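What follows is a set of notes on a single structure, which appears directly below.
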There are 2 protein chains.
Amino acid sequence: MLEDTAQTLPIAKQNPLAVGGAAASAAASSLAVSTVIFALRPDEESHLKTLWLPLVRRTRDPHRDLWALPGGWLPAGEELAAAAGRTLRETTDLSPRYLEQLYTFGDIDRSPGLRVVSVVYWALVRSEVAERASVGDNVRWFAADQLPPLAFDHNRIVEYALWRLRTKVEYARIAHAFLGDTFTLAQLREVHEAVLQKALDPANFRRSIEASGNLISTDQHVAGARHRPARLYRYDDRANDHDPPGPAL
Amino acid sequence: MLEDTAQTLPIAKQNPLAVGGAAASAAASSLAVSTVIFALRPDEESHLKTLWLPLVRRTRDPHRDLWALPGGWLPAGEELAAAAGRTLRETTDLSPRYLEQLYTFGDIDRSPGLRVVSVVYWALVRSEVAERASVGDNVRWFAADQLPPLAFDHNRIVEYALWRLRTKVEYARIAHAFLGDTFTLAQLREVHEAVLQKALDPANFRRSIEASGNLISTDQHVAGARHRPARLYRYDDRANDHDPPGPAL
DNA sequence: TCAAAAGTGTTTGTCCTACACCCATGT
DNA sequence: ACATGGGTGTAGGACAAACACTTTTGA
């Protein structure tokens with residue numbers, strides 16, 4: 001049901017109605033909402049976790065048969081973020097654990113023919129759930145850094161979303177969005193390492209996370225491994241430092 | 001010529017054309033571009049420089065006679081940033097020294113009646129030039145932190161733009177946009193102090209700026225004051241650290 | 001008892017802050 | 001001369017990287 005929503009149908013066309021003043025040359029553009037959805041999945045060979053994202057195959061021109069970001073035209077009665085969340089659910093059967101507006105792309109020539117302005121969101125979903133997520137013929141998960149040529153300017157959009165995710169993980173506490181409600185510090189560190197693509201010192205990672213005061217330690221521990229059981233932590237929802245007094249999330 | 005462009009004319013209305021699939025409920029929204037324009041002007045009494053921005057008086061409903069951000073409907077053939085720069089010039093007769101996309105505001109109820117999605121940019125213009133900038137009956141400069149109630153959600157937008165400017169000045173080299181081609185470190189520090197609203201140590205400011213390697217020192221000095229002449233610096237255009245590999249500027 | 005990861009302690013270096021101090025000019 | 005801001009030096013604290021070390025489990 002969703003492949004038709006991926007930037008295929010020009011709904012609003014240029015309005016030739018002449019109105020007075022400087023707005024005479026104004027005309028409507030088609031407004032779309034797309035979402036870059038990130039999940040963490042273990043690589044087939046290396047078993048290291050890497051970033052993956054779902055794409056939808058286009059079934060119409062332009063760019064028929066190319067892969068594209070999930071999205072669609074903005075319905076008149078739907079909020080921007082709600083539209084992003086809806087296409088996310090339609091594509092993956094998942095709910096976003098984190099959702100933020102990324103950027104609005106509106107270059108005149110980014111879509112052949114009709115001028116399309118796309119408000120793009122980026123989202124994080126839980127890794128484990130993403131593994132068994134629905135994947136039809138027209139939806140497939142790709143490794144984020146090994147993408148084929150995508151439709152429109154979507155390669156550039158994913159590049160920017162990746163940059164945003166990687167820079168934001170370093171100062172904002174969003175990595176837990178890839179995990180369950182409780183998690184060990186090793187799991188959280190694994191997420192950071194996968195996103196940043198570099199190893200982190202367990203000792204220093206523990207201290208910096210604890211110092212940021214965003215985690216609540218539970219009394220539960222994870223046994224079963226052949227080493228000392230790790231304590232389970234929970235994310236502290238209160239207090240949103242770093243983030244603006246307006247938008248973002 | 002510009003007062004009519006400030007979010008008054010609904011060009012594209014909902015398109016009732018029924019099309020198949022999930023896009024059936026899709027409809028066009030009116031797409032506008034607005035700009036938050038910052039300049040640095042000396043306060044009347046305190047003589048300290050503070051942030052000011054130009055607003056336009058609305059001459060139509062909704063929100064007739066309220067002050068609003070400069071902007072207008074996006075013309076079909078104009079790039080987003082170009083539209084922002086154009087409205088800036090139309091409003092102030094100035095050219096933007098810095099221009100960046102801020103956020104896209106699209107709440108359903110942000111404009112009475114028609115659904116309006118606004119792609120908002122923020123810009124910096126030169127202080128001295130802004131002082132003698134054209135100001136008509138329908139354009140007036142306001143102190144950024146003493147705004148009257150504005151039309152639509154524009155108070156919230158300015159709040160966010162202020163937050164963005166203040167956080168970005170701390171790590172990105174944009175303060176020179178308020179100054180001429182050459183400037184002394186004291187002038188640059190004055191800009192930082194005005195934006196951040198706190199005093200900075202001249203010695204440490206000098207070092208941190210020099211360490212960032214964004215300034216080229218000229219051989220010129222500014223004489224005339226009754227102290228040692230200050231060296232003039234020029235901004236180094238090369239190398240854009242901190243900023244994304246895609247958008248932003 | 002040993003491997004392995006959890007978790008703690010300590011050293012080292014770097015960066016930022018505060019502030020003492022010298023430099024060069026106009027009055 | 002001396003006041004004023006330009007410009008340099010430097011000690012102290014905060015913080016992060018690197019790494020040695022102890023703890024607790026399963027095999």
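This one's a predicted model, so the numbers in the text were calculated from it and none came from an experiment. Each chain gets a letter, A, B and so on, in the order the sequences are listed, and its residues count up from 1.
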Review point. Between B:E210 (CD) and D:dG7 (C1'), how many Å, whole number?
Key: 9 Å
Practice item. Just call it for A:A211: base, sugar-phosphate, or nothing, with non-hydrogen atoms closer than 4.0 Å on any strand. Key: nothing
Point to revise | Integer-rounded Å distance: C:dT25 C1' and B:R231 CZ | key: 16 Å
Practice item. Using the closest heavy atom to pick a nucleotide of DNA chain D for each, name whichever of A:G224 or A:S208 lands nearer the 5' end. Key: A:S208
Check your understanding: B:Q187 CD to D:dG6 C1': how many Å, rounded?
Key -> 13 Å
Point to revise | Minimum-distance nucleotide to B:A223 side chain [options: D:dG7, C:dG9, C:dG26] | key: C:dG26
**Study point:** Nearest-Å distance for atom pair CG/C1', residues A:L200 and C:dA5
**Key:** 16 Å
Revision key, fill the gap. With the side chain defined as heavy atoms from C-beta on, A:R189 is closest, among C:dG26, C:dC19, C:dA6, to C:dA6
Exercise for review: Calculate the interatomic distance between B:L185 atom CG and C:dC23 atom P; express it in whole Å.
Suggested key: 20 Å
Practice item. Among C:dA5, C:dT8, D:dT4, find the nucleotide with the atom closest to the side chain of A:H227. Key: C:dA5
Check your understanding: Do NZ/NE/NH1/NH2 and the carboxylate oxygens of B:E100 and B:K168 come within less than 4.0 Å?
Key -> yes
Point to revise | Listed nucleotide nearest any side-chain atom of A:R228, set D:dT24, D:dG6, D:dG9 | key: D:dT24
**Study point:** A:H221 or A:R226, whichever maps to the more 5' nucleotide of DNA chain C
**Key:** A:R226
Exercise for review: Pick base, sugar-phosphate or nothing for B:R207, based on heavy-atom distances below 4.0 Å to the nucleic acid.
Suggested key: base
**Study point:** Aromatic ring pairing A:Y160/A:W163, orientation class (parallel under 30°, perpendicular over 60°, tilted between)
**Key:** parallel
Check your understanding: When you measure from the side chain of B:N155 to the backbone N and O of B:L150, does any donor-acceptor pair fall under 3.5 Å?
Key -> yes
**Study point:** Between C1' of D:dG6 and CD1 of B:I209, the distance in whole Å
**Key:** 16 Å
**Study point:** A:T92 side chain vs A:R89 backbone, donor-acceptor pair below 3.5 Å
**Key:** no
Practice item. Check if the side chain of B:N204 and the base of C:dA18 share a donor-acceptor pair of N or O atoms closer than 3.5 Å. Key: yes
Review point. Under a 4.5 Å cut-off applied to non-hydrogen side-chain atoms, are B:R110 and B:S118 in contact?
Key: yes
Review point. In whole angstrom, what separates A:R206's CZ from D:dC21's P?
Key: 20 Å
Point to revise | Euclidean distance, atom CG of residue B:D201 to atom P of C:dA20 [Å, nearest integer] | key: 11 Å
**Study point:** Closest listed nucleotide, where the reference is the side chain of B:P229 and the choices are C:dA24, C:dA18, C:dA6
**Key:** C:dA24
